[in-house]
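Report on the following structure.
Letters go in sequence order (proteins before strands), and every chain restarts at 1.
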Amino acid sequence: MSECIRGTKDENDKPIEIPSEDDGTVLPSTITAQFLGACGLSSRSPVSQCMRGIWLVEGILHAPEAGWGNLVYVTDASSPVKAKRAVQKTSDLIVLGLPWKTTEQDLREYFSTFGEVLMVQVKTDLKTGHSEGFGFVRFTEYETQVKVMSWRHMIDAPRCDRKLPNSKQSPDEPLRSRKVFVGRCTEDMTYGEVADVFIPRPFRAFAFVTFADDQVAQSLCGEDLIIKGISVHTANDEPKHNSNRQKEVEELTGGNSDFSKYMVSML
DNA sequence: GTTGAGCGTT
């Protein structure tokens, strides 16, 4: 049953009515349509007088247990960072692990299947003119960039990683990684529902697993899991940068209930 | 046997 929720940008302002969906949830786009740059809600608890955020699951705002009620919901302020994120521009992606023989034409052909390509480069040694095994690609549409970033690619070779170049990593926005470090694994473990797996050869008892979903990946981080009698350790793929972020996300995702669905089974 | 491997001549 659809209803109207009282929302405002400032608690002292007169609230305006925000329509909910038929199932009682609210879409962030509905919020954004009324309050530029905002996409979340919180309300002041009549009991504790504290502001409480509204639960956001897979991009949808869910009513509190007691329903939306007659409370006034305050939209989240649009911080400069969020405002910047709304306009997603494409950037060059570095493509690593290219075979020596791969040419710019090969790269363009390959990436054109995902969307319009603005530019490709294969970096070559100035003296010898031969490929250095990496290059860059730039797409017209940010959508295409996201698509290409999401999955493992094979360009005349078993694996070609692509990611934002070091020069383009923004320190205020560490991408929530879909990749997890798996320690103490055994060689015969297999991984389900994943985008990529990296196992060092020769085998060294750890692996990197990239999941299709960053929420799943993050919910696994930091867990010690028993799988078929073997204790497996999972952690963030690059522990040095984002331990705080990781804790935050762990609290939000509330443990590893999805684990059995997604992770490891023994052969 | 608990953190791979690579980063842009103009």
- Task: Specify the separation, in whole Å, of atom CE of A:M189 and atom C1' of B:dG1.
- Result: 14 Å
- Query: To the nearest angstrom, how far is A:L93 atom CG from B:dG6 atom P?
  - Reply: 20 Å
- Message: Is the ring pair A:W68/A:Y73 parallel, tilted or perpendicular, if the boundaries are 30 and 60 degrees?
- Response: perpendicular
- Query: With a 3.5 Å cut-off and no angle check, do the side chains of A:T186 and A:D188 form a donor-acceptor pair?
  - Reply: yes
- Item | For atom CZ of A:F198 and atom C1' of B:dA5, their distance in whole Å | 7 Å
- Can we say A:D106 and A:R108 salt-bridge, meaning some charged N sits less than 4.0 Å from an Asp/Glu carboxylate O? no
- Message: Side chain of A:R204, heavy atoms from C-beta onward: which of B:dG8, B:dT9, B:dG4 has the nearest atom to it?
- Response: B:dG4
- Query: How is A:F134 classified with respect to the nucleic acid when contacts are heavy atoms under 4.0 Å: base, sugar-phosphate, or nothing?
  - Reply: sugar-phosphate
- Message: Please compare A:P202 and A:K179 by the position of their nearest nucleotide in DNA chain B and report the one closer to 5'.
- Response: A:P202
- Under a 4.0 Å N-O cut-off, is there an ion pair linking A:E11 with A:R44? yes
- Message: Tell me whether the count of non-hydrogen atoms from other residues, nucleotides or ligands lying under 6.0 Å of CZ in A:R159 goes above 12.
- Response: yes
- Task: Could you tell me whether the phosphate oxygens of B:dT9, OP1 or OP2, come under 4.0 Å of any side-chain nitrogen or oxygen in A:K123?
- Result: yes
- Item | Nucleotide of B:dG8, B:dG1, B:dC7 approaching A:F136 most closely (side-chain heavy atoms) | B:dG8
- Hey, is the side chain of A:D237 pairing donor to acceptor with the base of B:dG4 inside 3.5 Å? no
- Task: Look at the side chain of A:S167 and decide which nucleotide, out of B:dG8, B:dG1, B:dG6, has an atom nearest to it.
- Result: B:dG8
- Considering only heavy side-chain atoms of A:D161, the closest of B:dA5, B:dG8, B:dG4 is B:dA5
- Grab the CG-C1' distance between A:L98 and B:dG6 for me, whole Å please. 10 Å
- Query: Which part of the nucleic acid does A:F206 contact within heavy-atom distance under 4.0 Å: base, sugar-phosphate only, or nothing?
  - Reply: sugar-phosphate
- Query: Given atom CZ of A:R162 and atom P of B:dG6, what is their separation to the nearest angstrom?
  - Reply: 18 Å
- At under 4.0 Å between heavy atoms, what does A:G97 touch on the DNA or RNA strands: base, sugar-phosphate, or nothing? base
- Query: Does B:dG6 fall in syn (glycosidic angle within 90° of 0) or anti?
  - Reply: anti
- Tell me which of A:E132 and A:L96 sits closer to the 5' end of DNA chain B, going by the nucleotide each one is nearest to. A:L96
- Item | Between A:F139 and A:F111, ring centroids under 6.0 Å | yes
- Message: If I take atom CG in residue A:D196 and atom P in nucleotide B:dG4, what distance separates them, rounded to the nearest angstrom?
- Response: 16 Å
- Query: Is the ring of A:F203 stacked on the base of B:dG1, with centres less than 5.5 Å apart and planes under 30° off?
  - Reply: no
- Using whole Å, report how far CD1 of A:I94 lies from C1' of B:dG8. 7 Å
- Query: To the nearest angstrom, how far is A:Q121 atom CD from B:dC7 atom C1'?
  - Reply: 12 Å
